[in-house]
Amino acid sequence: AQRVTQPEKLLSVFKGAPVELKCNYSYSGSPELFWYVQYSRQRLQLLLRHISRESIKGFTADLNKGETSFHLKKPFAQEEDSAMYYCALGGTSYGKLTFGQGTILTVHP
Amino acid sequence: EAGVAQSPRYKIIEKRQSVAFWCNPISGHATLYWYQQILGQGPKLLIQFQNNGVVDDSQLPKDRFSAERLKGVDSTLKIQPAKLEDSAVYLCASSSIRASSYEQYFGPGTRLTVT
């Protein structure tokens with residue numbers, strides 16, 4: 001069975017501080033991991049995917065198969081990063097995603 | 001391009017009543033998803049369509065929930081009869097099979113309150 005765990009419901013940091021949102025997964029196959037973000041009063045949208053190995057809005061995420069983790073990191077948080085972040089796992093059904101419970105990130109000025 | 005449209009945005013009903021939600025995906029997107037998001041939880045896939053065929057409905061409570069996608073475009077999700085635990089935000093998403101299908105485009109959602 002697929003499972004995604006985001007252990008922190010809430011995460012607060014100050015502007016300019018590093019931020020790391022944790023994500024652990026359980027999956028027997030070859031995983032495809034994603035981060036989706038929902039800003040206030042906006043729709044849920046894709047932030048980044050592990051296969052792209054790209055940085056979006058300063059965020060990066062590395063897939064660690066040994067630790068079954070896909071943590072999202074940013075070295076210097078900005079106030080506009082405040083949002084709900086979901087880690088998601090791609091599964092056996094083409095296009096199917098399993099989401100974690102989400103982490104609310106608040107960046108204080 | 002226009003985004004995924006959903007209606008209504010809010011709905012309040014009493015338990016045992018029926019309710020229907022409508023979704024219009026992005027033009028040309030063959031895959032359509034319905035998710036249920038209960039407060040404090042992540043979205044949970046209810047049903048996935050590829051054109052007008054069902055790909056996955058393993059988590060759809062079929063005794064009370066039904067969905068259809070006639071003509072492979074718009075979709076309707078129905079709950080009959082509703083229970084208190086159905087209170088949630090119902091999200092519709094679509095994706096193109098030409099791109100990675102994991103890039104799903106979400107609608108604004110319908111917030112359902114069952115009293």
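All values reported here derive from a predicted model rather than from experimental measurement. Computed over heavy atoms, backbone and side chain alike; hydrogens, waters and symmetry mates excluded. Letters go in sequence order (proteins before strands), and every chain restarts at 1.
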Without hydrogens or angle criteria, can the side chains of A:Tyr86 and B:Gln37 be said to hold a donor-acceptor pair below 3.5 Å? yes

task = Check the surroundings of atom CZ in A:Phe14: do more than 12 heavy atoms from other residues, nucleotides or ligands lie under 6.0 Å from it?
result = no

Keeping the roles fixed (side chain from A:Lys96, backbone from B:Val55), state whether a donor-acceptor pair exists under 3.5 Å. no

Cut-off 4.5 Å, heavy atoms of chain A, and the answer for B:Gln6 is neither

More than 12 foreign heavy atoms under 6.0 Å from NZ of B:Lys71: is that the case here? no

Check this for me: B:Gln41, atom CD, are more than 12 non-hydrogen atoms of other residues, nucleotides or ligands nearer than 6.0 Å?
yes

Please tell me whether B:Leu112 and B:Val89 are part of a single hydrophobic cluster in this structure, the criterion being side-chain heavy atoms less than 4.5 Å apart. no

In this structure, OH of B:Tyr35 is separated from CG of A:Leu97 (nearest 0.5 Å) by 4.5 Å

| With the 4.5 Å side-chain cut-off for hydrophobic clustering, are B:Leu70 and B:Leu32 part of the same group? | no

Next on the checklist: Can a donor-acceptor pair be found, under 3.5 Å and without considering hydrogens, that links the side chain of A:Arg43 to the backbone of B:Val4?
Outcome noted: yes

*B:Gln104 vs A:Tyr36 side-chain heavy atoms within contact, under 4.5 Å*: yes

